[in-house]
Amino acid sequence: MSTAPLWPDDDVSRVPYRVYTDPDIHAREQERIFRGPTWNFLCLEAEIPNPGDYRTSVIGDASIIVVRGRDGGIAALVNRCAHKGALVCYKPRGTVSEFTCVYHNWTYDLDGSLTGVAFRRGVRGEGGMEEGFEPGAHGLQRLRTASRNGLVFATFSDEAPDLETYIGPAMLAAMDRVFVKPVRVLGYHSQLLPSNWKLYAENTKDSYHATLLHVFHNTFGIVRFTMGGGISLSENGWHHLSFTERAADGSEREGAEAVRSLKEQYALEDPSLMEHRLELGDRITNSIQTIFPTLVVQQILNALAVRQLVPTGPEECELRWTVLGFEDDDEALEALRLKVNNLVGPAGYVSMEDGCIGGFIETATRSAPEGRSFMRMGGTAIEPAGASRVTEAAVRGFWRAWRDCMAL
Ligand SMILES: [Fe+2]
């Protein structure tokens with residue numbers, strides 16, 4: 001790291017470009033954010049319904065096993081054998097009665113406690129583990145774990161407040177709005193992004209770009225700034241919600257549009273792509289919520305999903321999508337969800353640009369580590385400006401969270 005102070009002032013609207021490339025900053029994030037006082041989304045309870053069901057996930061660069069215990073509770077265990085540090089689970093999911101490391105067959109119970117060491121007492125009275133070996137001191141590292149309406153989170157930190165306090169009442173209400181009943185996983189996408197993870201985190205909090213970068217939005221009208229809606233932030237600015245609402249009379253195009261579509265003559269050949277069955281008790285067509293650091297909860301029409309952002313290196317990350325429906329969906333609704341999902345994912349009509357734009361920034365800022373961005377839409381405040389979504393308040397909130405954790 002250069003010896004110059006990274007961020008010489010308190011201005012979170014001017015982000016130093018070095019944060020997108022510097023390997024030392026990336027390493028510090030692992031320690032201070034991902035293994036620091038944050039709650040990290042891991043998976044859905046619906047993915048591990050029965051005792052012994054597990055799946056692997058990640059928190060920063062740490063591989064994590066999430067497993068349903070015999071008592072129905074959920075444990076998050078660091079996926080690293082206490083013997084030599086090997087991965088214990090190398091498959092993404094499965095059902096087991098115990099975990100066995102393939103290297104030397106050390107075995108662990110579903111709660112992570114060490115239950116067996118191969119050749120512990122040696123062979124024919126010779127060799128074996130040292131005297132006084134205490135299996136109780138050599139389990140898999142177990143993390144604090146909490147669930148909210150089927151979403152599983154964990155933290156490495158004893159200092160993090162409980163999950164509900166961490167998320168805060170306003171953002172909990174927004175999360176609960178989507179997870180009103182048991183969900184079912186409809187499928188997964190994964191995409192590798194050619195940019196630092198924070199550029200995607202910023203993108204999801206940046207409602208200003210929605211109708212500008214995503215021409216589909218402006219042409220076919222999922223999100224226009226003339227529609228109702230707004231932005232809200234958690235009290236500390238760390239988490240955010242941005243939503244768009246259909247007018248009560250069903251119209252979506254009121255008044256003059258701030259940015260006119262260049263393609264007014266265009267119409268979808270199959271308008272059912274944009275069909276929306278109202279199902280959450282309101283008229284919200286589009287709701288994007290972020291929980292710092294790496295969770296996105298998405299409702300775009302009937303396309304429900306969670307996205308987990310995985311920082312894989314200073315200049316790359318992976319975005320993992322889990323596409324959802326409800327357990328009680330009828331066939332027609334499930335078919336509608338799958339169709340509307342063409343809007344999102346790696347090649348989605350309104351999200352493919354998001355996968356690429358971070359790479360544009362990564363490429364262009366690499367040569368200017370001392371440069372800084374200028375994100376003053378809505379000024380420098382971290383509060384939303386009335387009902388306007390033409391603000392970068394939530395992006396500034398992200399940087400508040402990052403600086404709180406990083407102490408930089
Ligand atoms: Fe976007």
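Whatever order the structure lists them in is the order used to number ligands and atoms, beginning at 1.
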Checking R400 against W238: charged group under 6.0 Å from the ring centre and within 45 degrees of the axis? no
Shell of protein N/O/S atoms around the Fe ion (ligand 1), taken as anything under 2.8 Å: H209 NE2, H214 NE2, D354 OD1, D354 OD2
Can you check whether F34 and F156 have ring centres sitting under 6.0 Å from each other? no
Are side-chain N/O atoms of D354 and S351 paired as donor and acceptor at under 3.5 Å? no
Looking at F326, I'd like to know if the NZ or CZ of K181 sits under 6.0 Å from its six-membered ring centre while staying within 45 degrees of the ring's axis. yes
Over 60° means perpendicular and under 30° means parallel, so classify the ring planes of F292 and W197, tilted if in between. tilted
Between F133 and W106, how do the two ring planes meet: parallel, tilted or perpendicular, split at 30° and 60°? perpendicular
